[in-house]
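Written out below as structure tokens is the structure these notes cover.
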Amino acid sequence: MKHLTKYFNSISTITFAICIILAIYGTITYKTGLLPVPWLIIPICTGLCFFIASKLNKLENLNMTVDEYRRIAVIMCILLFTAQIITAIFADFTPINDLSYVCTGAKNLILNKNIYDDIPEVHNDYFEVYPNNHFLFTVIYLLYKIEFMLTGNITDTLPTALNLIGLNISYILMCRIAEMIHKPSKAFLCAVRGMLFTPLITYTSFFYTDSMTMPLVTSAAYFYLKFKKSGKITQLIICGTLIGMAYKMKGSSLILLIAVIIDMTMDKFKIKNFAVIILPCIIICKIISETALKILHISHETIKQKSFPLIHWIMMSADGRGGYNSADFLYTQSFTGDNKKSAALTRLAEKMHNQRFFGFLHHIAEKISYTWENFTFMAGYYYNDSFSSRIFIVVSFLCHFTLLFSILISMKKSTDKTFLFRLCLFGLIIFLLIWETRCRYLVSFFPLFLLI
């Protein structure tokens, strides 16, 4: 098993290094217009990021006690929470795209309007087409309902507050996990990395699935590691429940369940432990689905007829840079029931045939670049230019690539204690090669990557 782990570590390290190289290529190719200096500064800044990462990783060699680490971690948590509150207060944020449709639908339902009032006509079956957003809708609907019952108003205050708390909990749990698996100085390095991960601050008001999933994923990993130490079945049940909730919030969270199962297999856990984690996951998924359908007044038959098959997202991402494609969306939407699946398969085959082998390789390279190059994680796009200043872009570049290089350097000497997190990183890379991709799809898993 040790040889298998070592082999996987080499493969995952090489794969991640390729992602970083293509991200730098993508930055030079697509983002030079954003920077206040000629494109040549990007290779220079990249070298600077590698230098900073090398120095940053030397924090691991500090002589630090557990008590010292805990005191520093508390201070960092307070600083982060303060920055998050300030950001939430002053950020100019209005829900857009999918989040806007979810929020508008929830408000309409509470106000006894047609759920699709003020939603673009092309999305007048949004909740039937996208059951993957039903859990987010349920959470936002309940928060809006509470505020409406108490004040008679509906604002984004409660969703933002929940998101802010969730992001902070993610950081706190990341620090706790670091203490569990690393020596104090390495745990301190992980805590510093967390402070450099800008979405912990910039996503404070962007309460979409990426940030809302983060505390669920981090909490699930925390309880799994607690179970490995204590052997308490209740902690494994909690882990399975949290993974189920995370999956209903964002489908890519299933990667964590797969990683946990592989880790359990490597550790030769008893068969009953696999059932203990999988059953709560299935049960909570079913409860969430039925609750959402009841609130939305949507039948299972309607979902079957209108929802997009999984192959749609594979087809949509199979050319170009692998992101959202409105033409592919309208194409799949024009069919019903099982016809959607066959239509998507036909279009996927056409794309693969037209690209040929080397065209497909170019597409994969472009897709990886598109996923990892955006060092602001689209903060300016979501916050209506509040985070589009040149200074923020440069700072984000330095933070992002410093983190990537820091993780890469650590992967070279990774231990079995970080195997779960390396599995998640490798799994997400592979998943986003197959699925529709965007830089924000990395956000929910990033606290786990910082622990490598």
Side-chain angles (χ1 to χ4, degrees), residues 91-149 151-160 162-163 203 205-213 248-251 288-310 312-313 316-317 323-337 340 343-344 378 381-385 436 438 440-441:
D92 178 19
F93 175 69
T94 302
I96 59 173
N97 297 342
D98 292 78
L99 182 57
S100 173
Y101 311 148
V102 171
C103 292
T104 301
K107 291 175 184 176
N108 288 338
L109 208 58
I110 292 170
L111 298 174
N112 295 316
K113 295 182 179 180
N114 184 307
I115 196 169
Y116 290 114
D117 281 356
D118 301 319
I119 293 178
E121 186 177 350
V122 70
H123 289 299
N124 272 359
D125 53 1
Y126 180 86
F127 296 103
E128 291 83 356
V129 169
Y130 292 110
N132 54 297
N133 272 342
H134 282 185
F135 187 30
L136 177 67
F137 167 83
T138 302
V139 171
I140 291 175
Y141 170 82
L142 292 175
L143 292 173
Y144 281 172
K145 188 80 171 177
I146 291 169
E147 184 182 18
F148 186 71
M149 290 172 64
T151 67
N153 296 315
I154 300 176
T155 69
D156 292 326
T157 301
L158 289 184
T160 299
L162 178 64
N163 191 48
Y203 271 52
S205 296
F206 184 53
F207 49 92
Y208 193 50
T209 53
D210 311 284
S211 55
M212 293 287 247
T213 305
K248 292 304 294 181
M249 186 65 75
K250 195 163 193 68
I288 291 170
S289 293
E290 294 301 322
T291 301
L293 290 177
K294 188 172 182 179
I295 293 172
L296 287 161
H297 305 293
I298 298 175
S299 67
H300 290 281
E301 185 59 34
T302 302
I303 291 291
K304 185 178 180 181
Q305 288 297 312
K306 291 197 172 185
S307 64
F308 282 17
L310 297 181
H312 161 79
W313 281 274
M316 185 168 65
S317 69
Y324 176 80
N325 185 311
S326 58
D328 287 332
F329 165 79
L330 293 172
Y331 170 79
T332 303
Q333 189 185 43
S334 66
F335 297 90
T336 59
K340 290 181 185 289
M378 302 180 75
Y381 173 74
Y382 295 124
Y383 284 99
N384 299 324
D385 297 329
E436 176 201 351
R438 241 178 191 178
R440 63 179 176 81
Y441 297 169

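On a predicted model such as this, the values are computed, not experimentally measured, just so you know.
- The NE2 atom of H297 sits 5.5 Å away from atom CG of L109, with the distance rounded to the nearest 0.5 Å.
- At a threshold of 4.5 Å between non-hydrogen side-chain atoms, the residues V122 and L330 count as touching.
- Smallest separation of non-hydrogen atoms from D156 and C103: OD1-SG, 4.5 Å.
- Checked by atom type and distance alone, the side chain of E128 never pairs as donor or acceptor with a backbone atom of Q305 at under 3.5 Å.
- Side-chain N/O atoms of Y208 and R440 include no donor and acceptor closer than 3.5 Å.
- In this structure, the side-chain contact (heavy atoms from CB on, under 4.5 Å) partners of D328, at least two apart in sequence or on a different chain, are M315, M316, N325, R347, K351.
- Taking the six-membered ring for Trp, F335 and H312 have ring centres at least 6.0 Å apart.
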Could you please spell out the steps behind the side-chain contact (heavy atoms from CB on, under 4.5 Å) verdict for L99 and I140? CA-CA 10 Å; L99 182 57; I140 291 175; 3.9 Å; yes
Start with the C-alpha gap between I96 and Y382, add the side-chain angles, then the distance that decides, and say whether side-chain contact (heavy atoms from CB on, under 4.5 Å) holds. CA-CA 7 Å; I96 59 173; Y382 295 124; 4.2 Å; yes
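- Taking CZ of F127 as the reference point, atom CD1 of I303 lies at 11.0 Å (rounded to 0.5 Å).
- Between the side chain of S211 and the backbone N or O of F206 there is at least one donor-acceptor pair closer than 3.5 Å.
- Looking at V139 and M249, their side chains come closer than 4.5 Å, going by heavy atoms from C-beta outward.
- Residue S100 comes nearest to P95 through the heavy atom pair CB-O, 3.4 Å, listed as atom of the first residue, atom of the second, then distance.
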Derivation and outcome, side-chain contact (heavy atoms from CB on, under 4.5 Å), residues F135 and T209: CA-CA 9 Å; F135 187 30; T209 53; over 6 Å; no
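- The backbone N or O of L296 sits nowhere less than 3.5 Å from a side-chain atom of Y141 that would complete a donor-acceptor pair.
- Using bins of under 30°, 30° to 60° and over 60° for the plane-to-plane angle, the ring pair F207/F93 lands in the perpendicular bin.
- One finds the CG atom of L136 at 12.5 Å from the NZ atom of K248 (value rounded to the nearest 0.5 Å).
- Within the model, atoms NE2 of H123 and OH of Y130 stand 6.0 Å from one another, a figure rounded to the nearest 0.5 Å.
- The nearest pair of heavy atoms linking I110 to K145 is CD1-N, 3.5 Å.
- The main-chain N or O of P159 is never found under 3.5 Å from a side-chain atom of N163 such that the two would form a donor-acceptor pair.
- For the salt bridge (charged side-chain N to carboxylate O under 4.0 Å, His left out) test, residues two or more places apart in sequence or in another chain that qualify with K250 are D210.
- Nearest heavy-atom pair, A292 versus H134, reported as atom, atom and distance to 0.1 Å: CB-CB, 3.6 Å.
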Dump the intermediate steps for side-chain contact (heavy atoms from CB on, under 4.5 Å) on D117 and L111, then the final yes or no. CA-CA 11 Å; D117 281 356; L111 298 174; over 6 Å; no
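- Without hydrogens or angle criteria, T104 side chain to Y101 main chain gives no donor-acceptor distance under 3.5 Å.
- The line from CG of L162 to CG of L158 is 8.5 Å long, rounded to the nearest 0.5 Å.
- At distances below 3.5 Å, not a single donor-acceptor pair connects side-chain atoms of K340 with backbone N or O atoms of F308.
- Annotation: side-chain contact (heavy atoms from CB on, under 4.5 Å) contacts of E290 (sequence neighbours excluded): K286, H300.
- Here CG of L143 is found 11.5 Å from CD1 of I154. Values are rounded to the nearest 0.5 Å.
- Using modelled atom types and a 3.5 Å distance limit, the side chains of Y324 and D98 yield no donor-acceptor pair.
- In this structure the side chain of I295 reaches within 4.5 angstrom of the side chain of F137, judged on heavy atoms.
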